[in-house]
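These notes are about the structure you will find just below.
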Amino acid sequence: MGLPPGFFRKYTADSDSSFHFFAALHYFPATEEDGSVGLSKHEDGKALTFVLQDTVGGLEVLKDGEWVSVEPINGTIIINIGDLIQVLTNKKLKSATHRVVRKPGMHRHSMIYVVNVDADKWIEPLPEFTDKVGKPLVQVGL
Ligand SMILES: O=C(O)CCC(=O)C(=O)O
Ligand SMILES: [Fe+2]
């Protein structure tokens with residue numbers, strides 16, 4: 001990204017207010033009654049999400065208007081860019097739209113670790129990612 005090592009440390013100095021969190025998720029098998037939506041399409045709102053999924057699959061990412069399956073690869077962790085990083089980088093790094101589709105007859109498990117920033121940090125595009133006027137494309141206060 002062209003930023004010095006440790007640059008983001010100042011955004012997570014106060015771990016009490018940044019409230020990173022871990023969650024273990026269980027998706028039940030799809031049924032005719034309930035359908036197959038596990039998580040409807042969304043973008044992650046914080047800084048980063050680390051996702052560890054089992055071998056069932058079902059995580060999909062929207063790429064050029066098409067849903068692409070994020071196939072489970074043993075021993076890998078998926079890192080999702082969240083909205084906060086998208087804003088800081090002025091959309092150079094994109095917060096991907098994704099969803100989880102449940103499969104018939106299969107329980108799915110995943111674990112997520114969400115990295116946030118401190119509650120009092122102002123989030124707008126960093127000068128390194130703006131034009132000469134420094135004009136942000138979007139601005140969010142958290
Ligand atoms: O369960 C997964 O694989 C992804 C979960 C997810 O996208 C989320 O919790 O935001
Ligand atoms: Fe997500």
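Whatever order the structure lists ligands and atoms in, that order sets their numbers, starting from 1. Computed from a predicted structure; not experimentally measured.
When the side chains of ILVMFWY residues are joined at heavy-atom separations under 4.5 Å, either directly or via intervening members, I79 and L88 end up in a single hydrophobic cluster.
For the pair H42 and ligand 1, the shortest N or O to N or O distance falls below 3.5 Å.
T97 has its side chain within reach of W67: a pair of non-hydrogen atoms, C-beta onward, lies under 4.5 Å apart. Using a 4.5 Å cut-off on side-chain heavy atoms (C-beta onward), Q53 and P72 make contact. No side-chain heavy atom of D44 sits under 4.5 Å from any side-chain heavy atom of D83. The shortest distance between side-chain heavy atoms of Y11 and I123 falls below 4.5 Å.
Comparing V100, T49, L39, I112 against atom 6 (C) of ligand 1, the shortest heavy-atom distance belongs to L39.
Of all the atoms in ligand 1, the ones that sit under 4.0 Å from a non-hydrogen atom of Y27 are 1 (O), 2 (C), 5 (C).
Atom OG of S110 sits about 8.5 Å away from atom CD1 of I78, to the nearest 0.5 Å. For the atom pair K46 NZ and N80 CG, the distance stands at 14.5 Å (nearest 0.5 Å).
The protein atom (non-hydrogen) at minimum distance from atom 3 (O) of ligand 1 is R108 NH2, 2.8 Å.
Take a cut-off of 2.8 Å around the Fe ion (ligand 2): the protein N, O or S atoms inside it are H42 NE2, D44 OD1, H98 NE2.
By the 4.0 Å heavy-atom criterion, H98 is counted among the residues contacting ligand 1.
The aromatic ring centres of F28 and H107 sit less than 6.0 Å apart.
In this pair, H109 and H26 present their aromatic rings parallel. The plane angle is below 30°, not in the 30 to 60° band.
When heavy-atom distances to ligand 1 are checked against a 4.0 Å cut-off, D44 comes that close only through its side chain, counted from C-beta outward.
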